[in-house]
Amino acid sequence: MIAPRIVIAATPRQRDDAFAVRIAVFVEEQGIPRSDELDGFDASATHCVCYVAGAPVAAGRLLLFDDYAKIGRMAVLASHRGTGLGALVLDALEREAAAHGIHHIKLSAQLHARAFYERCGYIAHGEVYDDVGIPHIDMQKRV
């Protein structure tokens with residue numbers, strides 16, 4: 001595989017690339033309504049994109065709050081799953097939070113992705129719940 005390039009979106013094009021990955025995974029693949037996927041938090045979020053051979057293949061976003069950060073909208077195109085790209089995006093977002101002095105990270109994981117986040121050091125909290133018709137669980141980590 002060609003070496004991936006991870007970027008914190010600094011241009012509208014990079015942000016749109018993150019959105020394209022999310023739409024492919026969440027809207028087209030999982031059937032989540034576009035209006036639920038792209039939301040009002042996107043304007044203030046930090047977006048991360050992973051490129052392979054110049055094409056966007058993975059993405060995630062970071063929201064900063066007073067005493068914690070929330071990672072969300074983690075998506076990897078089906079053709080690139082299982083290659084470690086999700087972990088690279090997650091790591092970049094965690095480093096971005098730490099650079100802002102935030103060391104407590106929260107996320108809402110689709111239940112099928114729980115093991116991935118556990119391998120990355122996240123701990124599940126609370127009960128499984130439904131979000132847009134998909135089982136989720138809250139998870140957190142200190143970085």
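Residue numbers count from 1 along this sequence.
Tyr122 places a side-chain heavy atom less than 4.5 Å from the side chain of Ile105. The shortest distance between side-chain heavy atoms of Ser79 and Val57 does not fall below 4.5 Å. Side-chain atoms of Gln110 and Phe26, non-hydrogen and from C-beta on, do get closer than 4.5 Å to each other. You'll find the side chain of Phe41 reaches within 4.5 Å of the side chain of Arg61, heavy atoms only. Counting heavy atoms from C-beta on, the side chains of Val21 and Leu77 come closer than 4.5 Å.
Under the 3.5 Å distance criterion, the side-chain polar atoms of His80 are left unmatched by any main-chain donor or acceptor of Ala78. Distance alone, capped at 3.5 Å, is enough to place a donor-acceptor pair between the Gln14 side chain and the Ala10 backbone. Counting only distance, with no hydrogens or angles, the side chain of Arg114 and the backbone of Ile137 share no donor-acceptor pair below 3.5 Å. In this structure a side-chain-to-backbone donor-acceptor pair under 3.5 Å is missing from Arg5 to Val52. Judged by distance alone, the side chain of His47 and the main-chain N or O of Ala18 form no donor-acceptor pair under 3.5 Å. Formation of a donor-acceptor pair under 3.5 Å by the Asp130 side chain with backbone atoms of Gly133 is found in this model.
A salt bridge is defined here as a Lys NZ or Arg NE, NH1 or NH2 lying under 4.0 Å from an Asp or Glu carboxylate O, and Asp138 with Lys70 fails to meet this definition. Between Glu94 and Lys106 there is no salt bridge, since no side-chain nitrogen of the basic residue lies less than 4.0 Å from a carboxylate oxygen of the acidic one. Taking a cutoff of 4.0 Å between a charged side-chain nitrogen and a carboxylate oxygen, Arg34 and Asp39 do not qualify as a salt bridge.
Inspection of the His104 and Gln140 side chains reveals an N or O donor paired with an N or O acceptor under 3.5 Å.
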